[in-house]
**Student:** 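Got a structure for you, questions after.
Reckoned from all heavy atoms, side chains included, excluding hydrogens, waters and symmetry mates. Just so it is clear: chains get the letters A, B, ... in the order the sequence lines come, proteins before strands, and each one is counted from 1.
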Protein chains: 2
Amino acid sequence: MATLADVARRAGVSAATVSRIVNGSPKIVSEELRERVLRAVQELQYVPNAHAQLLARSHRTTVGVIVHDVSDPYFAEITRGLQRVASEQGRLVIICNSYRDPDRELEYVELLRAQQVEAIILAGSGYHDPGFTKSLNAKLSAYMATGGRVSVVGRHKLAGDAVMPANEEGAYLIGREIFAAGHRHVGVVAAPKQLTTTTDRLAGLRRAAREYRRTLPARRIEYAEFDRDGGAAATAALLDADPRLTAIIALNDSMAIGALSVLRERGLSVPEDVTVVGFDDMPIARDVTPALTTVRLPLVEIGARAIALALESQQPNPRVEEVEATVIHRESLAPPRTG
Amino acid sequence: MATLADVARRAGVSAATVSRIVNGSPKIVSEELRERVLRAVQELQYVPNAHAQLLARSHRTTVGVIVHDVSDPYFAEITRGLQRVASEQGRLVIICNSYRDPDRELEYVELLRAQQVEAIILAGSGYHDPGFTKSLNAKLSAYMATGGRVSVVGRHKLAGDAVMPANEEGAYLIGREIFAAGHRHVGVVAAPKQLTTTTDRLAGLRRAAREYRRTLPARRIEYAEFDRDGGAAATAALLDADPRLTAIIALNDSMAIGALSVLRERGLSVPEDVTVVGFDDMPIARDVTPALTTVRLPLVEIGARAIALALESQQPNPRVEEVEATVIHRESLAPPRTG
DNA sequence: GGTTACAAGGAAAGCCCTTTCCTCGCCTCT
DNA sequence: AGAGGCGAGGAAAGGGCTTTCCTTGTAACC
């Protein structure tokens, strides 16, 4: 690779001059030199070494984001919002997939710190695991102590700014709809227990149940992987345990889609035989049959807010922003047959 | 941020020793010093500056990938394969979304070069635009001239290794199924004309048509954005122009899903009234109603191959690997009503 | 006892830039 | 004519790390 020095030599000027021209510094440089340098840059196909620049300059310009998996639509949407703001602000973003592995998450925080990122965004559910939370917080605090910015989405107990999707409230709202429609035998297709997202949403559901003088017994909650196949498995288990189920609440849309597929296989029609609702309102939710009634979280905006928070001027006290959830009514919810 | 020198000072040793311990160099260091250093590292929460390391070391360890949009399932899958191989090989990957903007693509090549990446992977359709192709090639060649590795997926005319999805062949195969089933009025929901993916797939369709002594007149091809809404718009246009259509071939699954939604709105049932087929076999294809008959491209593997090619030992002559397409039979294809 | 050999740790050069501080030459003003 | 000012360009000091080459101290050998 051609270096600054190569260009300088070729143009017969000092490195300082080349640097000034290449970076458009305010310092005035004569037209003649400028031309010679630019020509040399062209001829050598010179591109400045970003790492050397970073070392020499003081300000950082990269932000890191840790998600469970970008190819999961939930995170894809968040990342999209994030990217938009990032490029508006001239920042490069490094995306890291933790695949819901706490250790990997820890490693990535370290890696991003090593990369000297300006901010770290953590998206995705937290874990009920005090040990892990503690060590993550320790790493995050160390990073923040040296001027790093941290912003998390949907995690209660972490250092840094936070944007909190209304998981509890959203679940409460959709739960109300279910109970208001008269469902008595309702099953919950849930994500793994140790995810805070699971417990938050479950809490909302329970609040709705209480309001309608119902309960959500443990046997009507089936925990599984937080994806389509997990949803299918949990639905099958629920149905096997109690064939009278008239409604299934899935804790996200992917799981709801898995539920739909099992129901179809078993010849049960939705919503006539069984109501199914999801959570998140991912784009595909309107295109499955029947279109999913679900809870919308403004994911793109959540991502955008998270990075904006991190990038905004250094405020000492962590801020938390709540974002609302709304129920999207489509076709997969109906009253039970025997009303 | 604590630096190497800080650690050295605190442990009362030289920077060289700290470096050797932190990086596990083969050089032997006494147990006592090692302990002192490790303790200092702990206390200072020291993390080596990755940029300084990169500058000081010779070997690179990051690869860059340019896709149209990671949140598009097509690229999400490719990226997943890519990421897998990358972490197996201890590489960090930087993902760049070009949003199908040629200029941005050019910029990103530059940016990745500046980041000193070991390899650049370009995924996603090429453009029929000689000027752009030429300048992209120039940049790529400059990069390769200095030891950079390039690998592209599905682009004919670019420097570097390539993995070529069988776009023409896949389209030919699905085309044959359509014509063999007896469809005579078939419309094509196509992506923008200037994408090579469009022309390749169209070519395959034409070959199939020829074999069945049919043609694909221009008025039966509607070009639109390469996504769900584009598919919906194109389908509507096609239907308006010729209500007798009995089959719609969409050039990818997203567009097919858009087609499905328009058909549903208009009260046409699939596949009884109209057959719909897609392309790519993205995960959701099996979950829409009716499940999509489509062409499968092994996307995860394509991503994995692309990065493997780039990372393998420096072979001078570019290699190209073809990957096969297969038709996945589901429920959205049937013979036309009037035999 | 003197030489050699080796092991353990340190000094310093180098990686590629940015930026501060200088220098030099010329113009302007009195 | 001399002082002062200013404008254009360069020298050099970092920035944080790796790694080569040295130095020093000790063990081993004849």
Side-chain angles (χ1 to χ4, degrees), chain A residues 1-38 40-41 44-62 110-111 113-118 146-148, chain B residues 1-38 40-41 44-62 110-111 113-118 146-148:
Chain A
M1 284 281 286
T3 70
L4 227 219
D6 296 334
V7 176
R9 206 169 310 124
R10 177 154 201 148
V13 300
S14 75
T17 304
V18 177
S19 172
R20 292 200 262 256
I21 293 175
V22 169
N23 295 302
S25 113
K27 185 135 183 174
I28 299 163
V29 178
S30 76
E31 225 12 77
E32 198 218 325
L33 287 200
R34 154 165 283 114
E35 235 167 64
R36 255 162 50 204
V37 167
L38 257 21
V41 166
L44 296 176
Q45 291 271 13
Y46 170 70
V47 177
N49 182 324
H51 302 281
Q53 284 186 317
L54 192 132
L55 211 54
R57 288 206 245 262
S58 44
H59 63 273
R60 328 264 82 126
T61 162
T62 310
E110 201 102 311
L111 183 145
R113 247 185 98 194
Q115 293 292 327
Q116 310 294 110
V117 297
E118 179 183 4
T146 60
Chain B
M1 283 281 287
T3 70
L4 227 218
D6 297 334
V7 176
R9 205 169 312 124
R10 178 155 200 145
V13 300
S14 74
T17 303
V18 177
S19 171
R20 291 198 264 257
I21 292 175
V22 170
N23 296 300
S25 111
K27 187 136 180 174
I28 299 163
V29 177
S30 76
E31 227 9 78
E32 197 219 326
L33 288 199
R34 151 164 287 112
E35 236 168 63
R36 265 178 22 217
V37 168
L38 256 20
V41 165
L44 296 176
Q45 290 271 18
Y46 170 70
V47 177
N49 182 322
H51 302 282
Q53 285 187 316
L54 193 131
L55 212 54
R57 289 206 245 261
S58 45
H59 63 273
R60 328 266 83 124
T61 163
T62 311
E110 203 103 311
L111 183 147
R113 247 186 98 193
Q115 293 291 328
Q116 310 294 109
V117 297
E118 178 183 5
T146 59

**Student:** Distance check needed: D/dG10 P versus A/Arg20 CZ, whole Å only.
**Tutor:**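 For the pair A/Arg20 CZ and D/dG10 P, the rounded distance is 8 Å.
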**Student:** For B/Ala52 and B/Ala16, find the nucleotide of DNA chain D closest to each by heavy atoms; which residue's nucleotide sits nearer the 5' end?
**Tutor:**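 On the 5' side of the pair lies B/Ala52.
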**Student:** Please report the end-to-end axis angle for the helix from C/dG1-D/dC30 to C/dT30-D/dA1, five pairs per end, rounded to 10 degrees.
**Tutor:**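 Rounded to the nearest 10 degrees, the bend comes out at 60°.
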**Student:** What are the residues of residues 23-32 of chain B, sorted by number, that bring a heavy atom to within less than 4.0 Å of DNA chain D?
**Tutor:**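 Contacting residues: B/Asn23, B/Lys27.
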**Student:** B/Asp6 has an atom CG; how far is it from atom C1' of D/dG15, in whole Å?
**Tutor:**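 Taking atom C1' of D/dG15 as the reference, CG of B/Asp6 is at 13 Å.
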**Student:** Specify the separation, in whole Å, of atom CG of A/Leu4 and atom C1' of D/dG14.
**Tutor:**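 Rounding to the nearest Å, CG of A/Leu4 and C1' of D/dG14 are 15 Å apart.
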**Student:** How about B/Arg36 and B/Val13: do any of their side-chain heavy atoms sit closer than 4.5 Å?
**Tutor:**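 Side chain of B/Arg36 against side chain of B/Val13, heavy atoms only: contact under 4.5 Å found.
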**Student:** State the CG-CZ distance between A/Leu54 and A/Arg60, to the nearest 0.5 angstrom.
**Tutor:**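 A/Leu54 atom CG to A/Arg60 atom CZ measures 4.5 Å (nearest 0.5 Å).
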**Student:** What integer distance in Å separates B/Ile21:CD1 from D/dC17:C1'?
**Tutor:**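 Rounded to the whole Å, the gap is 15 Å.
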**Student:** Has the side chain of A/His51 got a donor or acceptor atom that lies under 3.5 Å from a matching backbone atom of B/Gln115?
**Tutor:**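 Yes, the answer is positive, given that a donor and an acceptor are paired below the 3.5 Å cut-off.
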**Student:** For A/Thr3 versus A/Tyr46, what's the shortest heavy-atom pair and its separation?
**Tutor:**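 Distance-wise, the nearest heavy atoms are C-CE1, 3.5 Å.
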**Student:** Counting the atoms with a prime plus P, OP1 and OP2 as sugar-phosphate, which does A/Leu33 contact under 4.0 Å by heavy atoms, base, sugar-phosphate, or nothing?
**Tutor:**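 Counting heavy atoms under 4.0 Å across all strands, the contact made by A/Leu33 is with sugar-phosphate only.
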**Student:** Rounded off to whole Å, could you give me the CZ-to-P distance for the A/Arg57 and D/dG16 pair?
**Tutor:**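 After rounding, the gap between these two atoms is 16 Å.
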**Student:** Is the closest side-chain heavy-atom distance between B/Gln116 and B/Thr62 below 4.5 Å?
**Tutor:**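 SC-SC contact between B/Gln116 and B/Thr62 ruled out.
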**Student:** Given side chains that start at C-beta, do those of A/Arg34 and A/Val37 come closer than 4.5 Å, heavy atoms only?
**Tutor:**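 They are not in side-chain contact.
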**Student:** Please determine whether a side-chain nitrogen or oxygen atom of A/Ser14 lies at a distance below 4.0 Å from atom OP1 or OP2 of D/dG10.
**Tutor:**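 Checking D/dG10 against A/Ser14, a side-chain N or O does come within under 4.0 Å of OP1 or OP2.
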**Student:** Need two values: the first and the last nucleotide of DNA chain C, 5' to 3', having an atom under 4.0 Å from any heavy-atom of chain A.
**Tutor:**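 Endpoints of the contacted stretch of DNA chain C: C/dC16 to C/dC21.
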**Student:** Using only atom types and a distance under 3.5 Å, with no angle test, would you say the side chain of A/Arg20 pairs donor to acceptor with the backbone of A/Ser25?
**Tutor:**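 Checking the backbone N and O of A/Ser25 against the side chain of A/Arg20, no donor-acceptor pair under 3.5 Å is found.
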**Student:** Hey, does the side chain of B/Arg10 reach the backbone of B/Val41 with a donor-acceptor pair shorter than 3.5 angstrom?
**Tutor:**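 Flag not set: sc B/Arg10 to bb B/Val41 has no pair under 3.5 Å.
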**Student:** In Å and rounded to the nearest 0.5 Å, what is the CG to OG distance from B/Leu4 to B/Ser14?
**Tutor:**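 B/Leu4 CG to B/Ser14 OG: 9.5 Å, rounded to 0.5 Å.
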**Student:** Pick one: which of A/Val7, A/Asn23, A/Leu33 meets side chain to side chain contact (heavy atoms under 4.5 Å, CB included) with A/Val18?
**Tutor:**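 So, applying the side chain to side chain contact (heavy atoms under 4.5 Å, CB included) to A/Val18 and each of A/Val7, A/Asn23, A/Leu33, only A/Val7 qualifies.
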**Student:** Choose from D/dG10, D/dT18, D/dC17 the nucleotide whose nearest atom is closest to any side-chain atom of B/Ser19.
**Tutor:**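 Nucleotide nearest to B/Ser19's side chain: D/dT18.
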**Student:** Over how many whole Å does the gap from A/Gln116 atom CD to D/dC17 atom C1' extend?
**Tutor:**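 To the nearest whole Å, that distance equals 11 Å.
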**Student:** What distance separates B/Gln45 CD from A/Thr146 OG1, expressed to the nearest 0.5 Å?
**Tutor:**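 OG1 of A/Thr146 is found 9.5 Å from CD of B/Gln45.
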**Student:** Measure the distance from CG on B/Leu55 to C1' on D/dG15 and round it to the nearest whole Å.
**Tutor:**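 Answer to the nearest Å: 9 Å.
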